[in-house]
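Remarks on the structure that follows.
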Amino acid sequence: MKKKAGIERKKSLWGFIFTIPAIIFFAVFSFYPIINAFITSFYKKDLLSLSKPKFIGLGNYKYLLHSESFWDSVKATAIFTAGTFIPLVVVSLILAVFISSRKRFQKFFQMSYYSPALLSSVVAATIWLLMFDPRGLANQFLNFILNTSGRDYKWLTSSGMLRLSTIIVYFWKYIGYFTVIFVTGIASIPQSINEAARIDGANRWQVFTRITLPLIKPTTLLVSIMAMTQCLKTFSTQYLFTQSGAPLKPIDVITLNIYNTAIRDHQIGRASAMSIILFVIILTLTIVQFRVSKSEEVEY
């Protein structure tokens, strides 16, 4: 018994040693920036100034609470997240069920849907910028579907269409990524359970609602948290669209406002305060999802 306990201690020690590089990486590139941003948010600091930062306490947070620009960013982020998050989770689940039900070409479908996720956000946004051009494929497609001729649907100038454009880009890029995660979750369900249900007379809908959905609850929670976090952190698409001439206000999400406040206006303390607020929003919504789901270990 003592020898066995010694071996277990050695395994634990080596396991901890192998995690040290990851701990150092997260400490340097994640934990330290968060702590530094939290401290900086209590100061009035000019990014390019050599003068000593001035401590103003909650001054930056009070300013943001009364800032129309900040609340416009909150609104833009909320619209984008609601318009992207729900379709991502629902459609990726539907596609995963479709792929899992196929006996042939499963790998082909997975690769086809996943391929856009391999592109960087900048490349994906650039591709869609060309498609949203007045002479691009987006207008041609809508003109064909709606039987119109030569109409410009103003994808990059109208507020509503501009918001829809950014949602489409994100949906196209990440739908395959979350589909593959759902496919993996569905594949982990033992086939014997589905076969037993069919023998008992259950149809496909009953198998999906009574067996598949409950058993992939942990996967659904994972996808929900990842999709929500990804939507709240959106930046590249909105930044590239505005740099290409699109109006800022409809898509001025919090991350883009943080960038402009820090880099354009040099107000690094105010930008840090916005970063902390965004961090708290993401953390709060994640905790809420955990509480609502009440995810437990699945037993077959």
Side-chain angles (χ1 to χ4, degrees), residues 26-49 52-86 88-89 121 159 162-163 166-167 169-170 174 221-222 224-243 246-293:
F26 280 106
V28 173
F29 295 102
S30 294
F31 302 141
Y32 170 73
I34 292 173
I35 295 171
N36 185 62
F38 180 73
I39 295 172
T40 306
S41 68
F42 296 110
Y43 289 84
K44 182 178 182 181
K45 181 179 180 180
D46 190 294
L47 183 63
L48 301 181
S49 176
K52 187 177 180 181
K54 180 182 178 182
F55 180 78
I56 57 174
L58 297 176
N60 287 320
Y61 293 96
K62 291 178 181 178
Y63 175 87
L64 292 175
L65 289 176
H66 297 90
S67 171
E68 183 179 351
S69 173
F70 174 71
W71 287 110
D72 286 341
S73 294
V74 172
K75 178 183 176 181
T77 304
I79 293 174
F80 175 83
T81 302
T84 311
F85 166 71
I86 298 174
L88 267 179
V89 176
S121 298
S159 296
L162 181 57
R163 292 190 181 105
T166 57
I167 290 172
V169 174
Y170 249 66
Y174 289 105
L221 176 63
L222 173 65
S224 298
I225 292 174
M226 292 178 65
M228 180 201 65
T229 303
Q230 197 68 43
C231 291
L232 290 171
K233 295 193 305 179
T234 178
F235 170 77
S236 301
T237 302
Q238 287 79 1
Y239 174 77
L240 194 61
F241 275 29
T242 55
Q243 292 300 304
L248 174 63
K249 187 174 181 179
I251 55 173
D252 187 21
V253 291
I254 296 177
T255 50
L256 185 57
N257 198 349
I258 291 171
Y259 174 84
N260 287 329
T261 302
I263 305 302
R264 184 191 62 191
D265 302 334
H266 306 157
Q267 298 295 322
I268 191 67
R270 193 175 298 165
S272 297
M274 280 192 281
S275 300
I276 295 301
I277 292 174
L278 179 60
F279 172 76
V280 171
I281 291 173
I282 294 175
L283 182 62
T284 302
L285 291 177
T286 301
I287 293 173
V288 168
Q289 285 188 326
F290 270 110
R291 292 287 180 87
V292 170
S293 67

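Just so it is clear, the values below take in all heavy atoms, side chains as well, and ignore hydrogens, waters and symmetry mates.
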Would a distance-only check, ignoring hydrogens and angles, find a side-chain to backbone donor-acceptor pair under 3.5 Å from Thr255 to Thr234? yes
Within-4.5 Å side-chain heavy-atom neighbours: Tyr43 and Ile268: no
So, taking the atom named NE2 in His66 and the one named CH2 in Trp71, what distance separates them when rounded to the nearest 0.5 Å? 10.0 Å
Straight-line distance of Ser275 OG to Arg270 CZ, nearest 0.5 Å: 13.0 Å
Indicate yes or no: at least one non-hydrogen side-chain atom of Leu256 is less than 4.5 angstrom from one of Leu248. yes
What I'd like to find out is whether the side chain of Pro247 reaches to under 4.5 Å of the side chain of Leu162, using heavy atoms alone. yes
Do other residues, nucleotides or ligands put more than 12 heavy atoms under 6.0 Å from the OH atom of Tyr63? no
More than 12 heavy atoms of other residues, nucleotides or ligands under 6.0 Å from CZ of Phe38: is that the case? no
Heavy-atom donor-acceptor pair, Thr166 side chain to Arg163 backbone, under 3.5 Å: yes
Decide yes or no for Ser121 and Tyr174: does some side-chain heavy atom of the first lie under 4.5 Å from some side-chain heavy atom of the second? yes
If only side-chain N and O atoms count, and only distance matters, is there a donor-acceptor pair under 3.5 Å linking Gln238 with Thr242? no
Close side-chain approach of Ser69 and Asn257, heavy atoms under 4.5 Å: yes
I want to check something: taking the side chain as every heavy atom from C-beta on, are Phe70 and Ile277 in contact at a cut-off of under 4.5 Å? yes
For Thr77 and Ile254, indicate whether the former's side chain and the latter's backbone hold a donor-acceptor pair under 3.5 Å. yes
Apply side chain to side chain contact (heavy atoms under 4.5 Å, CB included) to Asp72 and Asp252, showing your working. CA-CA 7 Å; Asp72 286 341; Asp252 187 21; 5.7 Å; no
Approximate separation, where rounding is to 0.5 Å, of Lys62 NZ and Ser67 OG: 16.0 Å
Test of understanding: with side chain to side chain donor-acceptor pair (under 3.5 Å), list the residues that count as partners of Thr84, not counting sequence neighbours. none
Within the structure provided, determine whether Thr286 and Met228 are in side-chain contact (heavy-atom separation under 4.5 Å). yes
As an exercise, state the distance from CD1 of Ile167 to OG1 of Thr237, rounded to the nearest 0.5 Å. 11.5 Å
Residues in ring-ring contact (aromatic ring centres under 6.0 Å, His included) with Phe80, at least two apart? Tyr170
Nearest 0.5 Å, what's the OG1-CG distance between Thr40 and Asn60? 10.0 Å
Identify which one of Ile282, Leu283, Ile281, Ile287 satisfies the side chain to side chain contact (heavy atoms under 4.5 Å, CB included) criterion when paired with Leu285. Ile281
Donor-acceptor pair, side chain of Asp46 and main chain of Leu48, under 3.5 angstrom: yes
Heavy-atom pair with the smallest gap, counting every atom of Leu64 and Ala273: CD1-CB, 3.7 Å
Nearest heavy-atom contact between Phe85 and Gln289 is CZ-NE2, 3.6 Å
Grab the two heavy atoms, one from Leu88 and one from Cys231, that are nearest each other, plus how far apart they are. CD1-SG, 4.4 Å
Looking only at non-hydrogen atoms, find the nearest pair between Ala76 and Pro250 and report the distance. CB-O, 3.7 Å
Distance check, rounded to the nearest 0.5 Å: Met274 atom CE versus Ser41 atom OG? 11.5 Å
Of all pairs that satisfy ring pair (Phe, Tyr, Trp, His ring centres under 6.0 Å), the ones with a partner from residues 248-267, not counting sequence neighbours: Phe235-Tyr259, Tyr239-Tyr259
